[in-house]
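See below for the structure under consideration.
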Amino acid sequence: MSITALTRSERPAWKEKPKLPTQAAKGLALIVTVVAVVVPFWVVIATSFAPDQQVIENGGYAVWPKEWTFTAYERIFDQGQVTDSLMVSIGITLAGTLFSLASTVMLAYALARPGVVGGRPVMVMILFTFLFPAGMIPSFLVVNSLGLRNTYWALFLPVLVNAFNLVVMRGFFQGIPGELFESAKLDGAGELRILWTIVLPLSKAVIAVVGLFYAVGYWNDFFRALLYLDDSSKWPLQTLMRTYVTGLNNNKLIDVQGAAAEQVHYAPQTVNMAVVVLATVPILLVYPFIQRYFTKGVLTGAIKS
Amino acid sequence: MAPGVLYFLVFQYLALFGNAIAFKNYMPFVGVWESEWVGFANFQALFSEPAFWQAALNTVVLSLLQLVFYFPVPLALALLLHSLMQGRLRKFVQSVVYLPHFISWVIVVALFQQVLGADGAVNGLLGGSDGHLLDIFGNPDAFRPLMVVELIWKECGWGTIIFLAALHNVDEGLYEAAALDGAGPWRRFWHVTLPSLRAVIILLLILRLGDILSVGFEQILLQRDMFGPDVAEVIDTYVYHHGIRDQNWGIAAAAALFKGVIGAMLVFSTNKIAHRMGEQGVYR
């Protein structure tokens, strides 16, 4: 990285030439920032791929695996608990995102069309929840009285529509020129048909962003399962990982069968970190898409309004 | 439209009425509506509880620490990023610093333990064979700084977005005019950049002040047991432990309602003050 790379590519004539100390300070600040973000991820990845022996000698971590091994990952998949949790997480994320997205799109569309009966009071009602969201205890009582406790419905119905996402989507729909609707109406298309054939194809970017936000939210959630699912064998991955993070389970996330019997030196950290990697990978996979749509300014526009 | 509206009615509004149990002697088998009204008895019980005031104090202290030490970081980072050229380097740094926002708190805490924990990389590399350079996790004195550092790590990149949008909207002509009038980089920063950020900064300050009784519920819930309730209990975790775990429904609901009312009052009053100062605020 050369010093000149740090300057604006086209410096306006009125601007002073960048000074070397300033540039150096900026460069240093950037490097420190990037390193601070990347290093923790790296340590976790390295630990998950390191051999047990090395992790034990180091006392619980590895910065560079002496040899790259998949033992920790094999142990995870040999043992049912993490695989089950992974399936729960995937299922909740898919189902939750689908239900949330469908409800949000329909509601946002209805609220975006002028002249919908009750549109304004409904909008006021939704914005009011920004100021006074339902608290934990009342939500719990509602879920309980509906008989949703200990069902997977409890993991997404209580957070089905996010008011912020709704406002973002409504704003986008309102930006679609009204003539498109009029001409479709004249051609005899119903509201659902207009939504399906005209609005949705025009709104791919905003739907993608909102869908990804819902998906990330569902994937990352540990608390709802802790609140509503008493049976820990039903827990998603994040809630399972919580037992390790809080130090409740003697720092062993899962019991690895057979390892002790085989007299193998076994470092639980490798397995723990492999689970952390597994939980992070889906986020890393969708992250470029979030970035791409984000830079299109879909959300920055919404934040400003 | 129907499913979405139904959601708001059931899970937001029906739940909002559920707050009535703060004024009732709630018995799960009797139900919310049939339970007996007890007036402000739950609030009296709550306010005579030292653990609640400790939690309230912890909350406010953490909030203020975040305000002083977290709040300026995204602003500084945004200024740094804005001063770079619009090239690949800037995009790369942005991609890196936005990422932690999308990582769950469970993972963030795991990452921090792996690096800064007793058996973590920093202690192993710098502390010698058995030396413990850092004693952070489980040490009550380290709790507050740790919470702030974790928050900075996770959210400061994401926090730059709103500042970057504001910086992007500044008219280049203002800088040029200032430079032609002989203003150096510092004076341009002081007289052009900062004033153009003032509305955003005040908006965010109001929102933060209104939310002063909330401090990262998930983050703190995960680490509360490790550090103990003396420092690590905040109002939200108090509600969880007393309501959901210990089934003191009325008292926990009272604590949550107390928090909600104070928060709303803070938003109203800070917004008013902002208007007095001639600023836009959150709403009119």
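A, B, ... follow the sequence lines: proteins, then strands. Residue 1 opens every chain. This structure is a prediction, so every number in the text was calculated from the model and none was measured.
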**Prompt:** Hey, mind stepping through B:Val97 and A:Val34 against side-chain contact (heavy atoms from CB on, under 4.5 Å) and telling me if it holds?
**Reply:** CA-CA 7 Å; B:Val97 296; A:Val34 170; 5.5 Å; no

**Prompt:** If you look at every heavy atom in B:Glu218 and A:Phe223, which pair is closest and at what distance?
**Reply:** OE2-CB, 4.1 Å

**Prompt:** Does the side chain of B:Phe8 reach to within under 4.5 Å of the side chain of A:Val122, using non-hydrogen atoms?
**Reply:** no

**Asked** Taking all non-hydrogen atoms of both residues, which atom of A:Phe222 and which atom of B:Val106 are closest, and how far apart?
**Response** CD2-CG2, 3.5 Å

**Asked** With only heavy atoms counted, which part of B:Leu99 is less than 4.5 Å from chain A, the side chain, the backbone, both or neither?
**Response** both

**Complete:** Greatest number of non-hydrogen atom pairs under 4.5 angstrom with chain B, of A:Val43, A:Thr129, A:Thr104, falls to A:Thr129

**Request:** Check each atom of B:Ile21 against the heavy atoms of chain A and say whether the ones under 4.5 Å are side chain, backbone, both or neither.
**Result:** side chain

**A:Phe99, CZ atom: more than 12 neighbouring heavy atoms under 6.0 Å** = no

**Complete:** Honestly, the part of B:Arg245 sitting under 4.5 Å from a heavy atom of chain A is side chain

**Fill in**
One should read off an interatomic distance between B:Trp105 CH2 and A:Asn220 CG, to the nearest 0.5 angstrom, of 11.5 Å

**Fill in**
Residue from B:Ser95, B:Gly18, B:Pro100 scoring the most non-hydrogen pairs under 4.5 Å with chain A is B:Ser95

**Message:** Report which part of A:Val63 has an atom under 4.5 Å of a heavy atom belonging to chain B: side chain, backbone, both, or neither.
**Reply:** side chain

**Asked** Relative to chain A, which segment of B:Phe112 carries a heavy atom at a distance below 4.5 Å: side chain, backbone, both, or neither?
**Response** neither

**Asked** Of the listed residues (A:Leu227, A:Val286, A:Asn58, A:Leu166), which shares the most heavy-atom pairs with chain B below a 4.5 Å separation?
**Response** A:Leu227

**Request:** Ignoring hydrogens and angles, tell me if any N or O in the side chain of B:Tyr13 forms a donor-acceptor pair with the backbone of A:Met125 under 3.5 Å.
**Result:** yes

**Message:** Is A:Thr239 in contact with chain B via its backbone, its side chain, both, or neither, using a 4.5 Å heavy-atom distance?
**Reply:** neither

**Interchain contact, A:Val161 with chain B, by part (heavy-atom threshold 4.5 Å)** = both

**Prompt:** Is there side-chain contact between B:Gln114 and A:Pro40, with heavy atoms separated by less than 4.5 Å?
**Reply:** no

**Under 4.5 Å from any heavy atom of chain A - which part of B:Val10** = both

**Prompt:** What option among A:Leu146, A:Ile283, A:Asn144, A:Asp221 has the most heavy-atom pairs under 4.5 Å with chain B?
**Reply:** A:Ile283

**Message:** Is B:Pro185 close to chain A through its backbone or its side chain, or both, or neither, when contacts mean heavy atoms under 4.5 Å?
**Reply:** both

**Message:** What I'd like to find out is whether the side chain of B:Leu221 reaches to under 4.5 Å of the side chain of A:Leu226, using heavy atoms alone.
**Reply:** yes

**Per-residue contact mode, A:Val142 against chain B (heavy atom under 4.5 angstrom)** = side chain

**Region of B:Val115 that comes under 4.5 Å of a non-hydrogen atom in chain A** = side chain

**Request:** Measure B:Phe137 against the heavy atoms of chain A and call it side chain, backbone, both or neither at under 4.5 Å.
**Result:** neither

**Item:** Straight-line distance of B:Gln113 CD to A:Asn272 CG, nearest 0.5 Å
**Value:** 9.5 Å

**Per-residue contact mode, A:Leu148 against chain B (heavy atom under 4.5 angstrom)** = side chain

**Request:** Below 4.5 Å from any heavy atom of chain A, which atoms of B:Leu80 appear? Answer side chain, backbone, both or neither.
**Result:** side chain

**Request:** Identify which part of A:Met273 has an atom lying under 4.5 Å from any heavy atom of chain B, answering side chain, backbone, both or neither.
**Result:** side chain

**Request:** Check each atom of B:Ala256 against the heavy atoms of chain A and say whether the ones under 4.5 Å are side chain, backbone, both or neither.
**Result:** neither

**Asked** Which answer fits A:Leu157, side chain, backbone, both or neither, if we ask what part of it has an atom under 4.5 Å from a heavy atom of chain B?
**Response** both

**Complete:** If one checks every heavy atom of A:Thr33 against chain B at 4.5 Å, the contacting part turns out to be side chain

**Message:** If you compare all heavy atoms of B:Leu16 against all heavy atoms of A:Pro133, which two are closest, and at what distance to 0.1 Å?
**Reply:** CD1-O, 4.2 Å

**Asked** With respect to chain A, which residue among B:Ala166, B:Gly120, B:Ala264 yields the maximal number of heavy-atom pairs within a distance under 4.5 Å?
**Response** B:Gly120

**Nearest heavy-atom neighbours spanning A:Pro158 and B:Phe11** = CA-CD2, 3.6 Å

**Message:** Could you check whether B:Trp249 and A:Phe140 have their ring centres less than 6.0 Å apart?
**Reply:** yes

**B:Tyr98 and A:Tyr287 aromatic centres sub-6.0 Å** = no

**Request:** Give, as side chain, backbone, both or neither, the part of A:Val38 having an atom under 4.5 angstrom from any heavy atom of chain B.
**Result:** side chain

**Asked** Roughly how far apart are B:Leu6 CG and A:Ser103 OG, rounded to 0.5 Å?
**Response** 9.5 Å

**Which atoms of B:Ala199 approach chain A - backbone, side chain, both or neither, heavy atom under 4.5 Å** = neither

**Prompt:** Among B:Leu14, B:Ile103, B:Val109, B:Val93, which residue forms the greatest number of heavy-atom pairs with chain A at distances under 4.5 Å?
**Reply:** B:Ile103

**Request:** Heavy-atom distances under 4.5 Å only: say whether A:Leu160 touches chain B with side chain, backbone, both or neither.
**Result:** both

**Request:** With a 4.5 angstrom heavy-atom cut-off, could you sort out which part of B:Tyr7 is near chain A: side chain, backbone, both or neither?
**Result:** side chain

**Asked** Yes or no on side-chain contact (heavy atoms from CB on, under 4.5 Å) for A:Tyr61 and B:Leu125, after CA distance, side-chain angles and deciding distance?
**Response** CA-CA 10 Å; A:Tyr61 71 95; B:Leu125 291 175; 3.6 Å; yes

**Asked** Roughly how far, to the nearest 0.5 Å, is the OH atom of A:Tyr228 from the CD1 atom of B:Ile244?
**Response** 7.0 Å

**Flag side-chain contact, heavy atom, 4.5 Å: B:Tyr240 against A:Ile137** = no

**Region of A:Phe41 in contact with chain B, defined by heavy-atom distances below 4.5 Å** = both

**Request:** Specify the closest pair of heavy atoms between B:Ala15 and A:Pro138, including all atoms of both residues, with the distance to one decimal.
**Result:** O-CB, 2.9 Å

**Request:** Tell me yes or no: between the side chains of B:Ser104 and A:Gln238, is some donor less than 3.5 Å from an acceptor?
**Result:** yes

**Message:** To the nearest 0.5 Å, what is the distance between CE on A:Met136 and CG on B:Asp236?
**Reply:** 6.0 Å

